[in-house]
Every structure is written in C-alpha cells, then in structure tokens.
Number of protein chains: 2
Amino acid sequence: MATLKDVAKLAGVSIGTASSALNRHSGVKESTRKKVLEAASLLNYRPNGAARDLKTQKTDTIGVFLHDLAGPFYSELIRGIQDVADEYEYATIASRGGKGRNTSWTRLFVEGRVDGAIVLDPTVPDEVIRSTVGPTLPIVLLDRILDVPYCLHVAADHEGGAYEVTKHLLESGIRRIAFVSGPSDSHDSNLRFRGYKRSLEEFGIELDHSLIYRGDFTEGSGALVARAMLSRDDLPGGVFAANDEMALGFIHGCESSDIIVPDQIAVVGFDDIIVASYVNPALTTVRQPMYELGVVAARNLFRTIRGEKDISPVILPTQVIIRDSSKGHVRTFGSVHV
Amino acid sequence: MATLKDVAKLAGVSIGTASSALNRHSGVKESTRKKVLEAASLLNYRPNGAARDLKTQKTDTIGVFLHDLAGPFYSELIRGIQDVADEYEYATIASRGGKGRNTSWTRLFVEGRVDGAIVLDPTVPDEVIRSTVGPTLPIVLLDRILDVPYCLHVAADHEGGAYEVTKHLLESGIRRIAFVSGPSDSHDSNLRFRGYKRSLEEFGIELDHSLIYRGDFTEGSGALVARAMLSRDDLPGGVFAANDEMALGFIHGCESSDIIVPDQIAVVGFDDIIVASYVNPALTTVRQPMYELGVVAARNLFRTIRGEKDISPVILPTQVIIRDSSKGHVRTFGSVHV
DNA sequence: CTGTTAGCGCGTTCAG
DNA sequence: CTGAACGCGCTAACAG
C-alpha cells in the first residue's frame with residue numbers, strides 16, 4: 001500500500017507538504033498541490049485510517065450495537081441513526097454480540113475504535129458500559145437505564161403503550177386479560193407489564209397472578225403459552241403478549257386447538273413488526289417510532305460528542321394500532337386503524 | 001484514558017515489560033505480571049486499537065457492506081458470516097452505504113480499518129473495489145462478478161432457481177408467462193431473466209417481449225405493473241416477478257381489480273422473504289440459502305486472509321417453494337411444499 | 001527475565 | 001511557501 005511518504009517522494013516534495021496539500025490546508029502553492037494530487041492518484045494512495053485515528057485521537061465513526069441485526073425493526077432504527085450520522089459526516093458501523101472473548105464491542109468501543117456508541121443489546125454487560133463510557137466515548141442506551149455521566153437515554157414509551165393497548169381491551173368489555181411476559185431481565189418487558197398493571201388498576205380489576213405467563217420473546221414460547229392456557233377451563237377474554245412474535249405464536253397455538261381469534265379470545269402484541277399486518281387475523285399491536293428513536297439517539301449522541309452537557313432522557317410516544325385480532329370495535333384516543 | 005505508559009509507571013516496570021505481561025508473552029516473571037495486571041485494572045487500562053492496528057498492520061476485523069440492513073434476508077446472511085468470524089476470532093462490523101462523501105466503505109475499507117470485506121451493495125462502485133482489493137484486503141462479492149485477483153465470488157443460483165420456478169408454471173400448463181424484472185443494472189435480476197428465458201426455450205415457447213415488464217424491486221412497482229398488465233385484454237396465465245416484494249405488489253394490484261390469484265393468474269416471486277408465507281394467497285417463490293451464503297463467503301474470505309490462493313467461485317443451490325399463489329398442483333423435482 | 005529503542009503512517013509544529 | 005523533526009500508543013527486536 002502506498003504511503004504518504006511514497007507520494008511525497010514521487011511528487012518531489014516533503015512529507016509534510018504532501019500532507020498539507022492533501023488535506024486542503026491553505027498555504028500550499030497551487031502548482032505543488034497539483035503535483036501531489038497527481039502523484040497520489042497515480043500511486044492509488046489511501047490514507048491509513050489507523051495512523052490518522054492515532055494521531056487525531058478520533059475516528060469520525062459511531063458504533064451501533066444490536067443484539068440481532070434482524071428485522072425491519074432494527075433496520076428503521078439504523079436508518080434513523082445513519083441519516084443524522086451522514087449529516088454530521090460520521091460513518092456508522094453496526095455490530096452484533098458475537099460469542100468469542102474479544103469480539104465486536106470489545107474491539108470497537110473498549111479499544112476506542114469509535115467516538116460514540118448506541119446500544120440496544122442486553123448481552124452487553126452494564127459493567128462494560130460503566131467502565132468504558134466517558135467524555136471520549138459517550139453512549140446512548142436504548143434498552144436500559146444507567147445513571148452514569150455521559151450515558152444518555154432514549155426510549156419508546158413502553159409503559160404508556162402497554163397501558164393504552166390494555167385499556168383498549170378493557171374498553172372492549174374484556175375483563176380477564178392474560179399477560180405473556182418476555183425474559184424476566186428484560187427491562188422493556190417489565191415496563192410493558194407495568195403499563196398492563198396500571199390499566200387494570202384504573203379499571204378496578206385486581207391482578208390475577210394465574211393469568212401471568214412467562215415467555216422469552218420467541219414465537220415458540222407464545223405457542224407454548226397458548227397450549228398451557230387452553231388446557232385450563234377458564235379461558236380469559238384477552239391476551240396481551242409482550243411482543244408480536246409471541247402474540248403470533250399464541251394465535252397459531254389457538255388455531256391448532258380450534259379456538260377462534262378474536263371471537264373467543266382477543267390477542268394483542270407489541271412492536272408492530274411487518275408481518276403483524278399481513279397475518280390473519282391482522283394483529284393489534286403497539287408501534288414504536290423506530291426511525292425517530294434512531295434520529296433522537298444519534299442527535300443526542302452527537303450533541304454530547306460536540307461537548308454539550310446535561311442532555312435529559314427522551315421518551316418517545318408509542319401508538320396503538322388496532323386490527324382484527326382484538327375485534328377493534330372500540331376506538332381509543334391516540335390510536336389508529338390500519 | 002490510561003495508556004500503557006501509565007500502567008508501566010504505576011507497576012514500576014518498563015513499558016516493554018508491561019506490554020509483554022499484558023499480551024501473555026512468555027518470559028515474564030509471574031510476580032511482575034501480577035503487578036502489571038493489577039496496575040492495569042486499577043487504572044482501567046484499555047489498549048488503544050488504533051495504535052495496535054498501526055503497529056501490527058492488521059485489525060482482526062472484517063466488514064460486511066450491505067445496501068440496507070433491513071430484513072431477515074440480510075440478517076441470516078450476517079448470522080452466517082458472524083458464526084465463522086467468531087470461530088476465527090475476528091470481529092464483524094456491518095455498514096450501509098450512506099450519503100456523504102467519506103462514509104462507511106470509504107472509511108472502513110478504503111482506509112484499511114478491516115482485514116477483509118464481504119459486499120452485497122450495488123451502490124459500492126466497481127472502481128472502488130478494483131482499486132482497494134488486494135492481498136492485504138481480500139473481498140468477497142455477493143452481488144456481482146469482477147475478474148480481479150483477491151476478489152472472490154459466492155452467490156445463489158439465481159438462474160437455476162428462476163429456471164425451476166418458471167418450469168413449475170409451465171408444467172402447470174401455463175404457456176403465457178410474464179416476467180417482471182428489477183432494475184436493468186441488477187445482476188441478479190438479469191440472471192433470473194436468463195433462467196426464465198431458458199425455461200421457456202426448453203418448452204419451445206418463443207419469448208414474447210410484450211410480456212416483459214420492468215420494475216424496480218419495490219412493492220409499488222409490482223402494483224404498477226399489475227395495473228398496466230390488467231388493462232390489456234390478453235391476460236397472461238402466469239407472472240414471474242424477479243423478487244417477492246414485486247410479486248406481492250402485483251397480487252395487491254390484482255385484488256384491486258378483482259382478479260383472483262391464482263385462479264385467473266398464477267404469481268411467483270423470488271427470495272422467500274418472511275411475509276411470503278403469511279400473505280394470502282401464500283406466495284410461491286425461490287429461496288436463497290442466506291445463512292449458508294454467509295458461511296461460505298466468510299470461510300472463503302478467511303482462507304484468503306490466511307494466504308490461500310485460487311479459491312474458485314461458489315454457487316449455492318436455490319430451492320423452489322411452492323405455495324398457493326401458483327396453485328401448486330404439480331410437483332417439481334427438488335422443490336418443497338411449505 | 002527486564003529495559004531500551006525503533007518504527008508503524010500520519011498530522012503538526014517550527015525553522016528556514 | 002516548504003522541509004525536518006516530533007509524537008500519538010503500541011509491539012517487537014535487541015541489549016543488558
């Protein structure tokens with residue numbers, strides 16, 4: 001690979017001059033700049049990123065850490081992030097967890113290969129974030145709360161969305177509503193449970209612990225819960241699954257047992273994944289503003305990188321999307337029919 | 001940020017010794033290693049990636065460049081790549097195109113921040129690849145063919161899949177089959193067209209140019225084609241859309257005009273995106289082995305990084321998935337009912 | 001076994 | 001306006 005030295009030699013100038021010429025620093029005669037540029041393109045010169053990063057102490061790159069790069073879910077988020085990163089002329093790189101010892105985040109943010117990070121990945125330990133975050137590497141957390149300087153927070157209003165969608169079921173006249181949670185350590189799942197609980201309380205309904213089931217966010221676990229629930233003789237009138245995958249799995253489970261959704265049991269999910277609108281019956285769910293989430297996360301990250309302090313946490317509103325799986329006879333304030 | 005020098009000073013050893021101690025180089029007394037490790041953890045020392053990369057001339061990282069990080073489509077690919085990257089103890093970072101001048105691939109592979117790359121993004125210019133690829137940065141191309149040293153090729157058998165799915169329509173007794181292409185510069189779309197053509201030829205059917213429509217891989221363009229086609233009075237018996245999105249758009253377009261799929265017109269797509277199996281009627285399509293594609297791409301990349309030469313291109317078989325949108329009365333060799 | 005030293009490639013002074 | 005020299009933080013080779 002051609003280095004700056006090679007370019008300088010070919011252009012017949014010193015290495016320092018070559019550098020100034022390439023970086024458009026004023027104070028280089030036009031004719032010599034021409035020579036340098038020519039030499040550079042002739043040698044197919046590419047500046048070495050590592051060397052530059054080392055010298056300038058910055059990378060002009062931000063990292064996005066996701067548990068899984070799957071789905072339009074994350075894709076929209078990344079689009080939002082990247083749109084503002086482009087604006088700031090930063091590159092964006094995304095990475096997943098990975099198994100081995102020193103992978104992804106170790107290499108990327110622990111070793112300082114990015115100037116900032118956005119994290120939505122429960123597998124990244126709190127401790128790693130705590131010991132890495134700082135003025136030189138601010139981090140935006142989308143999946144948890146950590147009260148540490150330079151740790152910013154942006155999230156959708158999980159609790160509010162859960163509250164609204166539960167209310168939607170209640171207003172349809174359903175009183176016994178089951179809840180299918182995600183993993184117990186999922187912050188989001190817990191918030192959704194809180195919204196569910198608050199809604200019930202508001203309607204004066206006592207929490208029935210026998211109606212709380214635990215899933216793991218997968219379609220399979222939803223089907224399992226369906227099997228368990230349908231074996232009881234007191235079928236609830238509605239089910240709120242903490243995410244769409246489980247809701248879909250639950251519906252499949254009902255089909256296998258010839259239980260009709262929504263006639264015999266209403267089902268609602270959370271996230272509004274793409275297939276939610278295609279499935280039959282179409283799934284009532286809560287939509288998170290993923291693109292906006294990405295935009296806000298990135299914007300706050302850059303503000304911090306630029307030196308701004310005391311940026312307060314942001315919570316973006318969610319939206320109930322009423323479809324067939326919950327009948328949808330009742331319209332809730334702020335909700336939308338699709 | 002604490003540097004190696006700080007650690008050395010605190011531990012009361014030289015900087016070189018500290019380095020050896022931390023890198024588990026043999027030949028350091030156990031007691032001094034202890035001291036160094038303690039000092040390091042006390043200072044929360046993190047090696048600086050840029051400095052190490054500069055020195056060692058490698059990054060232990062590979063880059064994956066996608067046009068869009070959307071969908072389970074790419075997600076499976078990345079999973080495949082990352083699984084073998086983990087095996088080789090390399091980090092994997094993914095990146096999209098991005099707008100600005102010096103974003104993503106400029107910074108990542110032009111400036112040498114990765115040891116190898118896998119590209120599935122038509123917006124990365126051939127020229128960039130040509131001038132960057134080399135012994136120090138091998139590249140696997142998934143979306144095009146470039147006859148350049150250190151440029152590897154892995155792809156699904158687009159032509160074969162298209163051939164088979166067209167044959168499936170022909171064997172159902174359909175003779176007039178329309179083709180909806182993607183953008184004209186899409187290598188994949190062109191290959192799929194070739195398969196379509198070959199299948200027709202084999203059945204002794206002449207290519208009818210009035211049955212060739214151009215889309216752009218979006219659902220909207222599929223709907224547009226439907227509108228255009230249905231305004232004719234000689235509706236073909238079947239349509240092969242070069243991807244699933246367009247096939248779905250086409251089906252929606254048919255619904256709007258009260259044309260029944262598959263009774264009046266059979267529709268098949270390509271890719272087997274998730275919703276293909278959820279939509280009504282479920283879409284007959286061709287599945288690409290995305291996970292395997294990722295595995296093979298990554299494995300060949302690492303073999304090249306390890307110095308192996310002359311790795312030949314790989315073409316992985318595709319699979320016809322017969323569903324309702326094409327009736328599916330006929331079974332084709334190698335195809336599967338889902 | 002440990003300390004010293006020389007770069008990796010680049011950007012940035014500071015003399016000339 | 002240009003060139004020489006220094007150092008970013010680290011590893012590796014070589015002395016001691």
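So you know, we letter chains A, B, ... as the sequences are listed, proteins then strands, and number each from 1.
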| task | Could you tell me whether A:E76 and A:R79 make a salt bridge, using a distance below 4.0 angstrom between a side-chain N and a carboxylate O? | result | yes
| field | Basic-acidic side-chain contact under 4.0 Å: B:E127, B:R130 | value | no
| message | What is the distance, to the nearest angstrom, from the CG atom on A:N23 to the P atom on D:dT2? | response | 15 Å
| message | Between A:T3 and B:S31, which residue's closest nucleotide on DNA chain C lies nearer the 5′ terminus? | response | B:S31
| request: Provide, to the nearest angstrom, the distance between the CD1 atom belonging to A:I15 and the P atom belonging to D:dA4. | output: 11 Å
| task | Step by step, work out the side-chain hydrogen bond (donor to acceptor under 3.5 Å, both in side chains) result for A:S131 and B:R46. | result | CA-CA 10 Å; A:S131 67; B:R46 307 289 174 211; 3.2 Å; yes
| query | Do you know the tightest heavy-atom contact between B:L54 and A:A51? | reply | CD1-CB, 3.8 Å
| query | What does B:T32 touch in the nucleic acid at a heavy-atom separation under 4.0 angstrom: a base, only the sugar-phosphate, or nothing? | reply | sugar-phosphate
| Are B:D53 and B:R113 within salt-bridge range, i.e. N to O under 4.0 Å? | no
| request: Pick base, sugar-phosphate or nothing for B:K29, based on heavy-atom distances below 4.0 Å to the nucleic acid. | output: sugar-phosphate
| task | Figure out the CG/P separation between B:N48 and D:dG7, and round it to whole Å. | result | 18 Å
| query | With a 4.0 Å cut-off on heavy atoms, is A:R33 in touch with a base, just the backbone sugar-phosphate, or nothing at all? | reply | nothing
| said: Students should find this one: the first and last nucleotides of DNA chain C, 5' to 3', lying under 4.0 Å from a heavy atom of chain A. What are they? | reply: C:dG9 to C:dT12
| request: Could you state the atom-to-atom distance from NZ of B:K58 to P of D:dT11 in whole Å? | output: 11 Å
| said: Whether the B:D60 and B:Y88 side chains hold a donor-acceptor pair (N or O, under 3.5 Å, no angle test) is what I'd like checked. | reply: no
| remark: Between A:V148 and the options A:L141, A:I139, A:I129, A:V133, the side chain to side chain contact (heavy atoms under 4.5 Å, CB included) test singles out A:V133
| said: Classify A:D53 by what it touches in the nucleic acid, base, sugar-phosphate, or nothing, heavy-atom distance under 4.0 Å. | reply: nothing
| message | Need one value for A:L54: base, sugar-phosphate or nothing, where a base atom within 4.0 Å counts as base even if backbone is also close, heavy atoms only. | response | base
| Rounded to whole angstroms, how far apart are CD on B:Q57 and P on D:dG9? | 19 Å
